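As structure tokens, the structure follows; a few thoughts come after it.
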Amino acid sequence: MTSPESTSESTSTDFIRAIVQDDLESNKYDGRVVTRFPPEPNGYLHIGHAKSICLNFGVASEYDGGVCHLRFDDTNPLREDIEYINSIQEDVRWLGFDWGSHLYYASDYFDALYSFAEQLILDGRAYVDSLSADEIRDYRGTLTEPGRESPYRNRSAEENLDLFRRMRDGEFEDGAHVLRTKIDMESPNLNMRDPTIYRIRRATHHRTGDKWCIYPMYDYAHALSDSIENITHSLCTLEFEDHRPLYDWTLEALDVYRSQQIEFARLNLTNTVMSKRRLLQLVEGGYVSGWDDPRMPTISGLRRRGYTPEAIRTFCEHVGISKRDTVVNMALLEHCIREDLNLHAPRVMAVLNPLKVVIDNFPEGEVLEFDAVNNPEDPSMGSRKVPFSREVYIERDDFREDPPSRFFRLAPGREVRLRYACYITCQEVVKDPETGEVIELHCTYDPESVGGSTPDGRRVRGTLHWVSARHALQAEVRLYDYLLRDADEGDEDSRDFISLLNPDSLQTLIDCKVEPGLADAELGSRYQFERQGYFCVDTRDSGPGAPVFNRTVSLRDSWARIEQSQSRGGS
RNA sequence: UGCCCGGUGGUGUAGCGGUAGCACGUCAGCCUUUGGAGCUGUAAGCCCUGGUUCGAACCCAGGCCGGGCAGCCA
């Protein structure tokens, strides 16, 4: 009864977990489960990485003694930087995962990798090729034609060893030679046509400095790094499927511990872009404010947007693991954060587009304080006092001079409730004489309704949020929408995906009125603005007593849907 | 025109030869001092064609469709 299977029938068993379980039962790895998350430190992590992180750390955590390594795949010094090493660690930790002491770098294995390469040479399974990059490509053949063997393919082990050592010692220029495995130039799998495993690259490595001028390639370094770390299950994305034979070949050729590579589909999301190239394009083109712009699907962007680690983890669970390549609806991500914040975010009233309401029969100068529940989902969160006075702000959208059918909010002559406060009735609409714009409403309140209900028990259809004008705190609020207007990028494989960007992905409101209590809201803290959505205090741009709010996600808006279907349907 | 991988409601995911389930989304109703949340219900699916079998989403064959692969990137 303590087995995980019997306690939780919802434990999802995707095909990878099934393999791990089988391997455990057959004792393939002596009962060990060791996974790894192996990012190249050349960019910021995004929600797609989160899927891999949740998988790798998740699988490991499901077994006693299971561990997941964090390994930086830093074999290409040209593209990598310490900045990314730091941000990646921060993001993985923030997501709630812990690699303990298992932090590794492929560059830690450069010496070992080099020795293995010499061994391959001695065994006649690797050779130094002196063809140019263009020539190698030419000799490789095509998808449908076999490749040809390099004229250098049959150099003696002695000559290869000598050349390789001189490569290491810096005797040759970049590109003069490479080390290739000797496999099969006619293989239908291009990865097996004598892949390059070492290239000369004079670049200062962020960790090894100038110690090396030759660097191992991914396929070679990755397989051996997994082996060195005794990884049992090396989980990676589908595009590496064709590389698995090389992965296996490498470990077999060197007769070392065999890790097992298993591939799964990477995550795609609607209405956004995920590739590093495109994200970089957005940052460099100034289409967003940076890698942590709240519109970005990066972990740092989502964090700044107000997403919680829990919501992201839940999302990854919902998405599941399989081998089909798919596009997950953004609505699922939004559902996950709403679900989390609904339970945990304190409620607060904030008017985004203020319209002043004067309550004519309310005594000038008098202030009432009403109790407002902090979270109806969680009574333990208590309540707070909210000041009320003769002039309040309500949302412009909450008033219609000509209310359409099923519009339950304020309109001339209509009575609604101000949440937690009282019933008011609209008596007069003041307009700008020139523009005709409604600039102020005059209402009366029913003193009997103070507290939000009346002794006669009469009901009102609408309940509006509000903020007392003289107590209101001025705030800036940023409303975010999808990066891409359409669900996907369609056939726009060119750089011209910029034309598909949603021009309204950011809307900044500078004249918002929020409850005074928000003056000392903590950076990053999350709230529900009642009837509107979830917002968090921007960690970058907020000042003391001057919070800037980011909208994480709106509340589901059934009125908006009604209105939409009304306009679609004609009336 | 080579090799590899995949195809279950709109979306994602279970099902491993025995009545196709779950989640998101949709729509409707109930409830409501958030048009939120919650509750109830609805519609919607096994790529196709054969075969094996008492019985096929599952096994076999052939097709169709989608994706990946020709870095000295990862």
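Throughout, a chain's letter reflects where its sequence line sits, starting with A, and its residues are numbered from 1. These numbers come from a predicted model, not from an experiment.
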Nearest non-hydrogen partners of A:Tyr198 and A:Ile214, listed with the distance
CD2-CD1, 3.9 Å

Distance-only donor-acceptor test (3.5 Å): side chain [X], base [N]:
X        : N     : value
A:Arg409 : B:G35 : yes
A:Asp325 : B:G6  : no
A:Arg459 : B:U32 : no
A:Gln528 : B:U34 : yes

Kindly say if [X] contacts the phosphate of [N], meaning a side-chain N or O under 4.0 Å from OP1 or OP2.
X        : N     : value
A:Arg266 : B:G67 : no
A:Arg324 : B:C5  : no
A:Arg199 : B:A74 : yes
A:Arg201 : B:C73 : yes
A:Ser322 : B:U13 : yes
A:Arg193 : B:C3  : no
A:Arg338 : B:A37 : no

Once you apply the 3.5 Å cut-off to both distances, tell me the Watson-Crick or G-U wobble partner of [N], or none.
N     : answer
B:G6  : B:C65
B:G35 : none
B:C59 : B:G51
B:U19 : none

Using atom types as modelled and distance alone, determine if a side-chain donor or acceptor of A:Tyr423 lies under 3.5 Å from a backbone N or O of A:Glu448.
no

Answer with base, sugar-phosphate or nothing: what part of the nucleic acid does [X] contact at a heavy-atom distance below 4.0 Å?
X        : result
A:Asn76  : sugar-phosphate
A:Glu377 : base
A:Pro376 : base
A:Thr75  : sugar-phosphate
A:Arg556 : sugar-phosphate
A:Ser558 : sugar-phosphate

Given A:Phe549 and A:Phe529, is the ring pair (Phe, Tyr, Trp, His ring centres under 6.0 Å) satisfied, shown in steps?
CA-CA 10 Å; A:Phe549 291 94; A:Phe529 288 1; 5.1 Å; yes

Using the C1' atom as the reference point in each nucleotide, state the distance between B:G66 and B:G51 in Å, no decimals.
26 Å

Determine the Euclidean distance between corresponding P atoms of B:G15 and B:G21; express it in Å to zero decimal places.
15 Å

Round to the nearest Å and state the distance from A:Met167 atom CE to B:C72 atom C1'.
9 Å

Nearest-angstrom distance from the residue atom CZ of A:Phe164 to P of B:C72
16 Å

Any ion pair linking A:Arg266 and A:Asp325 (charged N to carboxylate O, less than 4.0 Å)?
no

For B:A74, is there a stacking contact with A:Tyr218, counting only centres under 5.5 Å and planes under 30°?
no

